[in-house]
Engineer: 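The structure's right below; bear with me while I get my questions together.
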Amino acid sequence: MSLIIDESMFGKPLRVSGTIVLEDVSEDAEAVETEVGTDTDTEEINTEGQDTESQSSDSQEEQDTAEQQETPETDEVDTGSVDDAENDGNTEVIGYGKLRTMMNIRNKNSLDSEIVTIYKKDTIVPILQYCSNSWARIVCEETDCGYAYVCNTNNVYLIIGKSIYTVEKGDTIKSIAAALLGDEERYTEIKSLNEFSSNVIAEGQVLLIPEV
């Protein structure tokens, strides 16, 4: 607003006449300014969320990696080191073992020896020799020599049978006992050896069979 004042009117009531001058203010500028501020705030919040998610993801990946690198070695009971693997030279299968847990398979019958592979729980392994320190020498296709060793201290890690049988259609645990053991009532031995809680068996299932 511009004012024009007559000096002779000092000390007397004044009547002000004036002209209002309007200046254009850029509404777009205000809007942009506000939007930029809002975007910045939002970006900071999103960035924080991304950092948290990234840290959580990294932490999960580290945990998964650690779990993948774990082996059953801590489950094995050390029975002492050996200089040379115990080997009686036998190449005929004398029994079968079913792993109660995932196990390290080694090139000697000692925890100091190299791990050649890892077998999953319930894997059935042909046994070539029962070693003096409670290990078993087993058939192992992953080695050049065709055999390796698995720990079985105190019979904790292997369920051992004399032979194996693959269930066929129409089989029952009693019919298998009658055919392989000569007495259907010996089904309880098959059930106990395989640690079954019922008499139910399925076609294709591999059973450990006790001595005849």
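We count residues from 1, following the sequence as given.
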Engineer: Run the side-chain contact (heavy atoms from CB on, under 4.5 Å) test on Tyr149 and Asn87 for me, step by step, so that the C-alpha distance in whole Å, both residues' side-chain angles and the decisive distance to 0.1 Å come before the verdict.
Structural biologist: CA-CA 10 Å; Tyr149 298 80; Asn87 184 354; 3.8 Å; yes
Engineer: Let me see the working for Lys98 and Glu195 under salt bridge (Lys or Arg N to Asp or Glu O under 4.0 Å), right down to the final yes or no.
Structural biologist: CA-CA 11 Å; Lys98 182 178 181 180; Glu195 299 182 345; over 6 Å; no
Engineer: Would you indicate whether the side-chain heavy atoms of Lys162 and Val212 approach each other to under 4.5 Å?
Structural biologist: no
Engineer: Any side-chain heavy atom of Arg137 sitting closer than 4.5 Å to one from Glu86?
Structural biologist: no
Engineer: Return the minimal non-hydrogen interatomic distance between Ala85 and Asn109, and the atom names on each side.
Structural biologist: CA-OD1, 3.5 Å
Engineer: Could you walk me through whether Ile201 and Phe196 pass the side-chain contact (heavy atoms from CB on, under 4.5 Å) test, one step at a time?
Structural biologist: CA-CA 9 Å; Ile201 55 177; Phe196 290 163; 4.0 Å; yes
Engineer: Testing the basics here: between Leu193 and Pro210, what is the closest heavy-atom pair and its distance to 0.1 Å?
Structural biologist: CD2-N, 3.6 Å
Engineer: Treating Asn152 as the side-chain partner and Leu158 as the backbone partner, does any N or O pair qualify as donor plus acceptor under 3.5 Å?
Structural biologist: yes
Engineer: Please give me the minimum heavy-atom distance between Ile127 and Ala136, naming the atom from each residue.
Structural biologist: CG2-CB, 4.4 Å
Engineer: In this structure, would Ile209 and Ile160 fall into the same cluster of hydrophobic residues linked by side-chain contacts under 4.5 Å?
Structural biologist: no
Engineer: Starting at NZ of Lys174, measure out to OG1 of Thr188 and round the result to the nearest 0.5 Å.
Structural biologist: 9.5 Å
Engineer: Give a yes or no answer on whether the side chain of Gln205 reaches the backbone of Ala202 with a donor-acceptor pair at less than 3.5 Å.
Structural biologist: yes
Engineer: What closest approach, in Å, do Asp88 and Asn90 show between heavy atoms, and which atom pair accounts for it?
Structural biologist: OD1-N, 2.9 Å
Engineer: Which is it for Asp171 and Tyr165 under the side-chain contact (heavy atoms from CB on, under 4.5 Å) test, yes or no, and what are the steps along the way?
Structural biologist: CA-CA 11 Å; Asp171 282 341; Tyr165 177 77; 2.7 Å; yes
Engineer: side-chain contact (heavy atoms from CB on, under 4.5 Å), that's the test. Do Thr172 and Asn199 meet it? Break it down for me.
Structural biologist: CA-CA 8 Å; Thr172 66; Asn199 296 340; over 6 Å; no
Engineer: Same cluster or not: are Leu207 and Ile94 linked, directly or through other Ile, Leu, Val, Met, Phe, Trp or Tyr residues, by side-chain heavy atoms under 4.5 angstrom apart?
Structural biologist: no
Engineer: Is a side-chain donor or acceptor of Asp183 paired with a backbone partner of Glu185 at a separation under 3.5 angstrom?
Structural biologist: yes
Engineer: Would you give the length of the straight line joining atom CE of Met102 to atom NZ of Lys121, rounded to the nearest 0.5 angstrom?
Structural biologist: 10.5 Å
Engineer: Cluster question for you: counting only ILVMFWY and a side-chain heavy-atom cut-off of under 4.5 Å, with indirect links fine, are Val167 and Leu181 together?
Structural biologist: yes
Engineer: Is Ile138 close to Tyr119 at the side-chain level, that is, under 4.5 Å between some pair of heavy atoms?
Structural biologist: yes
Engineer: Which pair of non-hydrogen atoms, one from Val93 and one from Pro126, has the smallest distance, and what is that distance?
Structural biologist: CG2-CB, 3.8 Å
Engineer: Do the non-hydrogen side-chain atoms of Arg100 and Ile159 ever get within less than 4.5 Å of each other?
Structural biologist: yes
Engineer: Are Ile164 and Leu128 connected into the same hydrophobic cluster when the rule is that any two of I, L, V, M, F, W, Y join if their side-chain heavy atoms are below 4.5 Å apart?
Structural biologist: yes
Engineer: Any idea which heavy atoms bring Lys191 and Ser197 closest together, and the distance?
Structural biologist: CE-C, 4.0 Å
Engineer: If you define the side chain from C-beta out and look only at heavy atoms, does anything of Leu111 sit under 4.5 Å from Arg106?
Structural biologist: yes
Engineer: Do Tyr130 and Val156 sit in the same hydrophobic cluster, where Ile, Leu, Val, Met, Phe, Trp and Tyr count as joined when their side-chain heavy atoms come under 4.5 Å apart?
Structural biologist: yes
Engineer: Counting distance only, does the side-chain N/O of Asn104 pair as donor-acceptor with the main-chain N or O of Ile115 below 3.5 Å?
Structural biologist: no
Engineer: Could you walk me through whether Ser110 and Ser113 pass the side chain to side chain donor-acceptor pair (under 3.5 Å) check?
Structural biologist: CA-CA 6 Å; Ser110 168; Ser113 60; 5.1 Å; no
Engineer: Please examine the side chains of Ile105 and Glu142, heavy atoms only from C-beta on, and report whether any two atoms are closer than 4.5 Å.
Structural biologist: no
